[in-house]
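A short worksheet on the structure shown next.
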2 protein chains.
Amino acid sequence: MAAKPFAPVTSESIGDYLKAILELGGSEELRVTTKALAERLRVRTPSVTGMLQRLAAERPALVVYQKHHGVQLTAAGKRRAWELVRHHRLLELFLHDVLKYSWDEVHDEAERLEHFISERFEDRVAAILGDPEIDPHGHIIPHKYEAAACRDEVPLARWALQTPATISSVRDRDPAALREIERLGFMPGTGLVVERRNAASSLSVRIAGQADGMRISLDLAECIFVIAPAG
Amino acid sequence: MAAKPFAPVTSESIGDYLKAILELGGSEELRVTTKALAERLRVRTPSVTGMLQRLAAERPALVVYQKHHGVQLTAAGKRRAWELVRHHRLLELFLHDVLKYSWDEVHDEAERLEHFISERFEDRVAAILGDPEIDPHGHIIPHKYEAAACRDEVPLARWALQTPATISSVRDRDPAALREIERLGFMPGTGLVVERRNAASSLSVRIAGQADGMRISLDLAECIFVIAPAG
DNA sequence: ATATGAAATTAGGTTATCCTAATTCTGGCC
DNA sequence: GGCCAGAATTAGGATAACCTAATTTCATAT
Ligand SMILES: [Mn+2]
Ligand SMILES: [Mn+2]
Ligand SMILES: [Mn+2]
Ligand SMILES: [Mn+2]
């Protein structure tokens, strides 16, 4: 009766490891280090080593683990990680659009609930949102059973000067940064140009169609991702 | 900044124990036995004993535990248990009305999610549902920070013969029974009379305004709760 | 080729929650 | 008052997911 799930179901903890490996590995799927995982997950490195050994021993294996040389996700690990990313982004959009959360409130709630909703919940939320493509922070919502497409995003802090850019997404994990970004008007879809780098770790930026520019800290510019316009 | 929560936050497991003690104790708040808890929670009795000792040792204590003589909830335990009941019933109604779950699908999902939603989630769901009073099975949704009112419900199996009754609620835990109840038309609010008890563990029941009666099993009649009409 | 410091692993321990097997308590019945 | 069956508890152990302290490995810089 119960169909075999496409992606293995995991504990909350394992799910968080898989998602962290996915996100730290980037689109090139580089091997991720123990230390990077420990920092991201706020645990100590021996906890990471222990968990990686378990994930590699699982049948089917969720990661390829080479002692002292980091981990990568297997196909099974990737399936589960992308499923959680889909849950996360659908939940964020649902919390924002239906339950009227502000965009800085959605992340923490989604981060917890993504592990506990059923496939049915996922499907119904997608349905009432009209199979959405983009979450409140501009992130692409993967299709069911698929990895998300990926754009060539660059943090605003590394974008070339005097070159038009469009904001594609913003980091979702820092509520204070999100409030600041909203206050300044750097919403996904907005066009802008970086006019110069200032000594004081800040950037002078002008939003398309606005007369005067503004200064934002490099820290904040690391939270804003841009692409070439009109892609 | 973060206000002290009105009810202690608990693990999923502890929450399930507290809710089970609340529900098994009934409105008279009788002491609940180790065995009853073990059955309800599908764990072995030594697990229950161990957990009860922990709940009693917690500061503030969540239960009053007398070795060999069962447990009762303390005020703190009751607060948490009722909070979870509120979460559960709000979630069931939300899943049914907003996400279009059928009434036999809502229980299991709510049983899990009730432990993981935040106060904000609870409040927003209540708001979009218009501060509802009754869940899809006819159960009263407690107000925030309060125990639910309670009615003098009786299982249909124990209602006097030939005496008009109104269905107040139905048991929410058994999907197959719920589908049967729906098929037969025993929805909360429906009026009926029990015409007789038959030998074959069944009841002959006539729904108000319907010409002919029907037979339902005593098992099913244990899942349907009734009160005197027009209360 | 070797030394060294950062990164990673191993060793050993804790807590939460569950289990089985063994033991003890309790309430009713003669 | 003593016996018994069922209920409950204690004893001892497993597993998941953490931790600190000790040790090992790796990459690089002389
Ligand atoms: Mn998470
Ligand atoms: Mn997001
Ligand atoms: Mn539950
Ligand atoms: Mn219900």
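Each chain gets a letter, A, B and so on, in the order the sequences are listed, and its residues count up from 1. Just the heavy atoms: all of them, side chains too, but no hydrogens, waters or symmetry mates, feed the values below.
- Counting heavy atoms from C-beta on, the side chains of R171(A) and E222(A) never come closer than 4.5 Å.
- For the pair R31(B) CZ and dA7(D) P, the computed distance is 17 Å after rounding to whole Å.
- Residues meeting the side-chain hydrogen bond (donor to acceptor under 3.5 Å, both in side chains) test with R40(B), sequence neighbours left out: E23(B).
- The existence of a salt bridge linking R79(B) and E83(B) is excluded, since no basic side-chain nitrogen approaches an acidic carboxylate oxygen closer than 4.0 Å.
- Within a heavy-atom distance below 4.0 Å of DNA chain D, no residue of residues 76-85 of chain B is found.
- Taking the side-chain hydrogen bond (donor to acceptor under 3.5 Å, both in side chains) definition, one finds that E29(A) meets it with K78(A), sequence neighbours left out.
- At a cut-off of 3.5 Å, with distance as the only test, a side-chain donor of D104(B) or S102(B) sits close to an acceptor on the other residue.
- Put simply, CZ on R44(A) is 13 Å from P on dC18(D), counting in whole angstrom units.
- Residues V48(B) and R42(A) each lie close to DNA chain D; by heavy-atom proximity, the contact nearer the 5' end of the strand is made by V48(B).
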Could you list, one pair per line, each protein nitrogen or oxygen that sits under 3.5 Å from a nitrogen or oxygen of nucleotides 5-8 of chain C, together with the distance?
from   : atom 1 : to     : atom 2 : distance (Å)
dA8(C) : OP2    : K35(A) : N      : 2.8

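- Straight-line distance from the CD atom of E58(A) to the C1' atom of dT15(D): 13 Å, rounded to whole Å.
- Straight-line distance from the CG atom of L55(B) to the C1' atom of dA16(C): 12 Å, rounded to whole Å.
- Paired with W103(B) under the rule ring-ring contact (aromatic ring centres under 6.0 Å, His included), one option of H139(B), H137(B), H96(B) passes, and it is H137(B).
- Of the side-chain N and O atoms in Y17(A), one or more sit less than 4.0 angstrom from OP1 or OP2 of dC18(D).
- Counting any heavy atom pair closer than 4.0 Å across all strands shown, S47(B) reaches a base atom.
- Residue D16(B) contributes atom CG, which lies 14 Å from atom C1' of dC18(C) at whole-angstrom precision.
- For H88(B), the side-chain hydrogen bond (donor to acceptor under 3.5 Å, both in side chains) partners are E92(B), H107(B), E114(B), D172(B), not counting sequence neighbours.
- Atom P of nucleotide dT9(D) and atom CD of Q53(B) are separated by 7 Å, given to the nearest angstrom.
- Across N198(A) and L203(A), no two heavy atoms sit closer than the pair ND2-C, 3.7 Å.
- Contacts of R89(B) classified as side-chain hydrogen bond (donor to acceptor under 3.5 Å, both in side chains), with partners at least two apart in sequence or in another chain: none.
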